[in-house]
Amino acid sequence: MISQSDREERFLSLFEKVRKKVPAPRLQPWIFHMSSLEDKLFGIFLRELCGDSNSGKKLFDMIGAWEKARVLATSNHDDPVMELRGQIGYLRFGGHRKIYHQKYIIGDPGRGVGFRQSAVYDYCSLVSSYASQESFYGRSFDFVYFDLRQVASGGRTFAFDLVESVYRNAVPHPNLHPTKLCLEGSSGPLSGFNLLYFGEREFANRVWADKVANIFGAKEPLWETVEAIGESLVGKAEEQTRLKHESTEFVVFELEDLICNYQKKRKLGVQPERFLNGELTVDAFASAYLSVFGS
């Protein structure tokens, strides 16, 4: 029977095989060519809010530049976006974002969400405590990530993906660079972590807690233990990349992407289990993975 350390080693070998062959998220021209950094950051926020670039652009065109959004957020009017709401119409959502998130973007009183309970209002309010969006994102990752999770309908994946997009494309501040996978509150990444270390994607809460305690000898709170193991995995991935004299700047994002995607049963069937158990070679599973997620 293959050991846990062997499973981890196989996973890290897979990471080395696929990391350069999976396309990194890129900004669409409508955001990339913005001359104002503040407008670019607001455009990135709107894009991640929908998980779809075309919908993000539609929102930006309707709401306007960052300064206009700030004015709307500080308006004394009960519903300063009433007219905009009727103009926006249909939005497309992708990835982790779903159609039911639409009511939270600028609010939808007909469905019980006022403008001041909306994602745009929350974001503007968060940033208002700082000199600019750039200053907001210039802080430690942990603080930025925590704040972004408070945005209406946001959550873990939205916050992590937004930080990645901002870091890659607008504010590559060292403080903003994460060192961990942020597994708490995740779905795909936690399933990937569970499969890697425990052999199955999901468990009942008590069973999962027992496995964490038994396998890792957890004396700290469970999530601290799990996050520490994830951070250790990031460190090992960075070290093997460093030994090849390659940049480790985006390793944590690439690893988070892999641990989320490699376990997807709908796309890869039982191949992830067979790979981790040694029934498939690293090359064979890497080929299968790249056929789905590669460039």
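- No side-chain heavy atom of Leu276 sits under 4.5 Å from any side-chain heavy atom of Ile2.
- Across all non-hydrogen atoms, the minimal contact from Ala286 to Val18 is CB-CG1, 3.9 Å.
- Inter-residue side-chain proximity for Gln28 and Arg47 is flagged as unmet; no heavy-atom pair is nearer than 4.5 Å.
- Phe146 and Leu181 fall into different hydrophobic clusters, defined by Ile, Leu, Val, Met, Phe, Trp and Tyr side-chain heavy atoms under 4.5 Å apart, directly or through other members.
- Note: the hydrophobic cluster containing Phe60 also contains Leu162 (ILVMFWY, side chain heavy atoms under 4.5 Å, direct or indirect links).
- Looking at every heavy atom in both residues, Ala119 comes nearest to Phe45 through O-CZ, 3.8 Å.
- The two residues Glu8 and Lys236 make their nearest non-hydrogen contact at OE1-NZ, 2.6 Å.
- Closest approach of Arg149 to Ala159, counting heavy atoms only: CG-CB, 3.7 Å.
- Asn169 and Arg26 are not linked by any side-chain donor-acceptor pair at a separation below 3.5 angstrom, with hydrogens and angles left out of the test.
- Between Tyr197 and Phe193, the ring-plane angle classifies as tilted under the 30° and 60° cut-offs.
- With a 6.0 Å radius and a threshold of 12 heavy atoms from other residues, nucleotides or ligands, Glu202 has its CD atom at or below the threshold.
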Next on the checklist: Assess the residue pair Trp66 and Phe42 against the criterion (ring-ring contact (aromatic ring centres under 6.0 Å, His included)); give the C-alpha distance rounded to whole Å, side-chain angles, the decisive distance to 0.1 Å, and a yes or no.
Outcome noted: CA-CA 6 Å; Trp66 170 241; Phe42 186 52; 5.4 Å; yes

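- In this structure the side chain of Leu91 reaches within 4.5 angstrom of the side chain of Lys58, judged on heavy atoms.
- When only modelled atom types and interatomic distance are considered, Ser55 and Arg97 share no side-chain donor-acceptor pair under 3.5 Å.
- A donor and an acceptor atom, one from each side chain of Ser135 and Ser132, are located under 3.5 Å apart.
- Contact check for Ile105 versus Cys50: side-chain heavy atoms found under the 4.5 Å cut-off.
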Next on the checklist: ring-ring contact (aromatic ring centres under 6.0 Å, His included), that's the test. Do Tyr262 and Phe293 meet it? Break it down for me.
Outcome noted: CA-CA 9 Å; Tyr262 91 100; Phe293 299 104; over 10 Å; no

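- Rounded to the nearest 0.5 angstrom, Ser165 OG and Ile44 CD1 are separated by 4.5 Å.
- Arg206 CZ: 12 or fewer foreign heavy atoms inside a 6.0 Å radius.
- In the hydrophobic clustering of this structure, Ile63 does not group with Tyr104; members are Ile, Leu, Val, Met, Phe, Trp, Tyr whose side-chain heavy atoms approach within less than 4.5 Å, directly or through other members.
- For Arg139 and Phe136, the positive end sits near the middle of the six-membered ring, less than 6.0 Å away and at most 45° from its axis.
- No hydrogens or angles considered: a donor-acceptor pair under 3.5 Å links the side chains of Ser3 and Asp6.
- Ring planes of Tyr167 and His177: perpendicular class, angle over 60° (limits at 30 and 60°).
- For the pair Arg92 and Tyr90, the NZ or CZ position fails the cation-pi test of under 6.0 Å to the six-membered ring centre and within 45 degrees of the ring normal.
- Heavy-atom contacts from other residues, nucleotides or ligands closer than 6.0 Å to NZ of Lys57 number 12 or fewer.
- For the side chain to side chain contact (heavy atoms under 4.5 Å, CB included) criterion with Arg19, the lone passing option out of Leu258, Thr241, Leu255 is Thr241.
- Note that the CD atom of Glu16 and the CD atom of Glu246 stand 6.0 Å from one another [nearest 0.5 Å].
- When side chains are defined from C-beta on, Thr281 does not count as touching Phe275, because their heavy atoms never get closer than 4.5 Å.
- The local environment of CD in Glu83 is sparse, with at most 12 non-hydrogen atoms from other residues, nucleotides or ligands closer than 6.0 Å.
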Next on the checklist: Test salt bridge (charged side-chain N to carboxylate O under 4.0 Å, His left out) on Glu256 and Arg156; report intermediate values, then the result.
Outcome noted: CA-CA 12 Å; Glu256 190 267 351; Arg156 178 266 172 201; 3.0 Å; yes

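- Residues Phe93 and Asp52 fail the side-chain proximity criterion, which asks for heavy atoms closer than 4.5 Å.
- Hydrophobic cluster membership is shared by Phe203 and Ile215, with clusters built from Ile, Leu, Val, Met, Phe, Trp and Tyr side chains linked at under 4.5 angstrom.
- Between Ala237 and Val251, the shortest heavy-atom distance links the atoms CB-CG1, 3.8 Å.
- Closest heavy-atom contact between Val292 and Lys267: CG1-CD, 3.7 Å.
- Within the 4.5 Å cutoff, side-chain heavy atoms of Phe15 are placed close to those of Gln240.
- Open room surrounds CZ on Arg70; 12 or fewer heavy atoms of other groups in view lie less than 6.0 Å from it.
- Two residues are said to be in side-chain contact when any heavy atoms from C-beta on lie closer than 4.5 Å; Thr179 and Glu231 meet this criterion.
- Both Ile259 and Trp223 are assigned to one and the same hydrophobic cluster, defined by single-linkage of ILVMFWY side chains at heavy-atom distances under 4.5 Å.
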Next on the checklist: Gln263 vs Asn194, test: side-chain contact (heavy atoms from CB on, under 4.5 Å). Steps then yes/no.
Outcome noted: CA-CA 10 Å; Gln263 57 80 33; Asn194 288 341; over 6 Å; no

